[in-house]
Amino acid sequence: MSTQIYTATKTRSNRPGWSVTFKHPKRRDSRGRCGLKVRRGLNTSDDNEADRLVAQMNELLADQYWLSVDRRKEAAQRFDEKIVAAFFDGMEAGKINSADLRNTKIELPNAQSGYSRVLLTGTTGAGKTTLLRHLIGSNHTTDRFPSTSTARTTTAEIEIIVAESPFAAAVTFMPEHEIRAHLDECLEEACLNAIQAQSMDKIASALLSHREQRFRLSYILGQWGRDQTTLNEDDFSFEDGESPIEAIDECEEVAASEIATNAQRLDAFLERIKALAVGVGEHLAKEIGALDDQKSPDDRASWLEMFGDTLYEYDEFSEIALDILEDVKMRF
């Protein structure tokens with residue numbers, strides 16, 4: 001079966017210098033369709049160097065021989081490492097086992113090491129983290145670790161080894177392809193809110209917090225729609241005996257200029273989301289009628305499902321996702 005041949009271009013984005021942008025013939029979007037749009041920085045501001053690197057990417061894209069992760073070592077001998085990484089990253093089969101990765105840094109002890117393993121399970125807000133604090137001896141007035149809240153705070157697996165100091169930690173991050181999938185879903189949800197004429201608050205909330213609460217852009221890109229220069233007790237949860245003032249004072253301060261920049265970026269993203277939703281809505285109105293013309297709940301649900309599918313066909317959808325992903329990367 002032949003594979004569609006895509007081409008790469010050099011582009012300017014929020015980061016300094018040139019980037020290469022292309023649709024990957026083997027990587028899939030969150031809907032399972034091949035042709036995921038990818039953007040990678042080239043670490044150069046020189047036009048000729050950028051053109052040279054983009055030409056290498058086009059050589060890879062044009063030859064189906066390279067569409068296997070097994071060819072990566074061979075490609076590394078012929079192409080620039082930045083191009084090889086951009087092309088082959090994300091093509092690896094299988095799911096990364098984060099627990100195994102952490103275990104290579106800090107081995108989780110077992111019964112042969114004199115340890116017992118306890119698994120805490122329960123619904124959100126059941127008190128698992130509060131119980132864990134008691135088990136490990138964390139002081140709720142001085143440590144406040146792990147964090148607790150009425151909202152969902154434990155969004156990733158945590159393994160605690162009870163031992164004497166000095167302490168060490170191993171942290172694994174969510175793979176980029178998972179972040180992109182969650183980001184696409186948040187963006188789709190925001191567009192769905194926009195096309196249904198929801199308030200800007202709801203559109204922003206859909207973008208900044210995944211519906212399953214396992215992925216929250218607000219932690220990285222900042223909140224929207226209120227003065228972020230002032231912290232108050234509503235931003236935290238406290239246990240008996242914990243001083244709200246002390247907790248707020250210990251929070252890392254964010255420069256006012258950075259807060260203002262974050263707010264401007266979020267405003268720009270939201271305006272682009274609204275414009276995208278309007279554009280896709282107008283396209284569907286010509287094909288099957290407008291959303292307001294759908295009278296029954298089933299007809300509206302079908303229209304919105306088609307709207308969600310159509311979003312992924314628009315370049316602007318991918319461009320917004322890539323711009324947000326770039327902002328996330330810049331924080332790290």
Side-chain angles (χ1 to χ4, degrees), residues 6 8-43 53-54 57 82-83 85-92 95-96 98 155-156 171-191 194 203-224 258 261-277 308 311-332:
Y6 298 108
T9 58
K10 68 177 183 181
T11 56
R12 290 279 190 181
S13 58
N14 191 42
R15 70 168 67 207
W18 288 106
S19 296
V20 60
T21 301
F22 61 99
K23 287 187 175 182
H24 200 292
K26 295 289 284 186
R27 294 185 62 182
R28 298 178 182 272
D29 61 24
S30 55
R31 291 297 178 97
R33 293 178 292 201
C34 285
L36 177 71
K37 198 166 189 178
V38 178
R39 183 196 296 156
R40 283 294 188 93
L42 295 175
N43 296 325
L53 294 172
V54 170
M57 179 60 75
K82 294 186 287 292
I83 295 302
F87 186 79
F88 286 97
D89 285 355
M91 284 178 60
E92 290 84 351
K95 185 177 181 180
I96 296 174
S98 298
T155 60
V171 179
T172 51
F173 291 91
M174 185 182 294
E176 182 179 325
H177 70 272
E178 288 187 25
I179 293 176
R180 178 65 184 274
H182 288 321
L183 200 161
D184 283 352
E185 290 169 355
C186 288
L187 184 53
E188 178 188 348
E189 195 70 22
C191 288
I203 299 172
S205 178
L207 174 66
L208 295 175
S209 183
H210 192 274
R211 55 180 173 267
E212 295 179 0
Q213 297 186 358
R214 295 184 61 84
F215 178 77
R216 296 174 187 170
L217 283 169
S218 58
Y219 288 170
I220 305 171
L221 303 184
Q223 299 286 343
W224 181 89
E258 183 177 349
T261 300
N262 291 345
Q264 290 174 359
R265 293 286 291 168
L266 283 176
D267 284 342
F269 286 138
L270 293 172
E271 290 301 326
R272 290 172 65 185
I273 287 169
K274 289 176 63 178
L276 172 62
L311 281 170
Y312 288 81
E313 300 173 5
Y314 274 64
D315 284 341
E316 176 64 1
F317 182 87
S318 297
E319 288 297 324
I320 296 173
L322 289 170
D323 286 343
I324 295 175
L325 184 61
E326 208 159 74
D327 274 17
V328 171
K329 289 180 177 180
M330 289 177 68
R331 302 302 193 277
F332 292 90

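Only a predicted model underlies this, so the values are computations on that prediction, with no experimental measurement involved.
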How many angstroms lie between atom CD1 of I220 and atom CE of M330, to the nearest 0.5 angstrom?
13.5 Å

Show the nearest heavy-atom pair for residues [X] and [Y], with the distance to one decimal.
X    : Y    : answer
S209 : C186 : C-SG, 4.2 Å
P25  : Y6   : CA-CE1, 3.8 Å
N43  : K82  : ND2-CD, 3.7 Å
A8   : V20  : CB-CG2, 3.8 Å
V38  : A86  : CG1-O, 4.5 Å
A321 : D184 : CB-OD1, 3.5 Å

Could you tell me if the side chain of [Y] sits less than 4.5 Å from the side chain of [X], heavy atoms only?
X    : Y    : result
E319 : K37  : yes
D323 : R39  : yes
I324 : L221 : yes
H24  : F87  : yes
N262 : D327 : no
E316 : I320 : yes
P175 : E178 : yes

Given R28 and L36, is the side chain to side chain contact (heavy atoms under 4.5 Å, CB included) satisfied, shown in steps?
CA-CA 5 Å; R28 298 178 182 272; L36 177 71; 6.0 Å; no

One pair to check against side chain to side chain contact (heavy atoms under 4.5 Å, CB included): R27 and H177. What are the steps and the verdict?
CA-CA 9 Å; R27 294 185 62 182; H177 70 272; 4.0 Å; yes

side-chain hydrogen bond (donor to acceptor under 3.5 Å, both in side chains) involving [X] - partner list, sequence neighbours excluded:
X    : answer
T9   : none
E313 : none
D29  : none
T21  : T11

Sequence-distant partners of [X], side-chain contact (heavy atoms from CB on, under 4.5 Å), two or more places apart:
X    : value
K10  : W18, D47, A50, D51, V54
L208 : L217, S218, W224, L266
A85  : R40, R72, D89

Name the residue from L276, L322, I273 that meets the side chain to side chain contact (heavy atoms under 4.5 Å, CB included) definition with F317.
L276

Quick check on K23: does its NZ atom have over 12 non-hydrogen neighbours (other residues, nucleotides or ligands) under 6.0 Å away?
no

All salt bridge (charged side-chain N to carboxylate O under 4.0 Å, His left out) counterparts of [X], not counting sequence neighbours:
X    : answer
R211 : E189
K274 : none
E176 : K329

Once ring pair (Phe, Tyr, Trp, His ring centres under 6.0 Å) is applied, do any residues pair with H210, and if so which ones, sequence neighbours excluded?
H182

Report the residues that fulfil ring pair (Phe, Tyr, Trp, His ring centres under 6.0 Å) with F269, sequence neighbours left out, ordered by chain and then residue number.
none

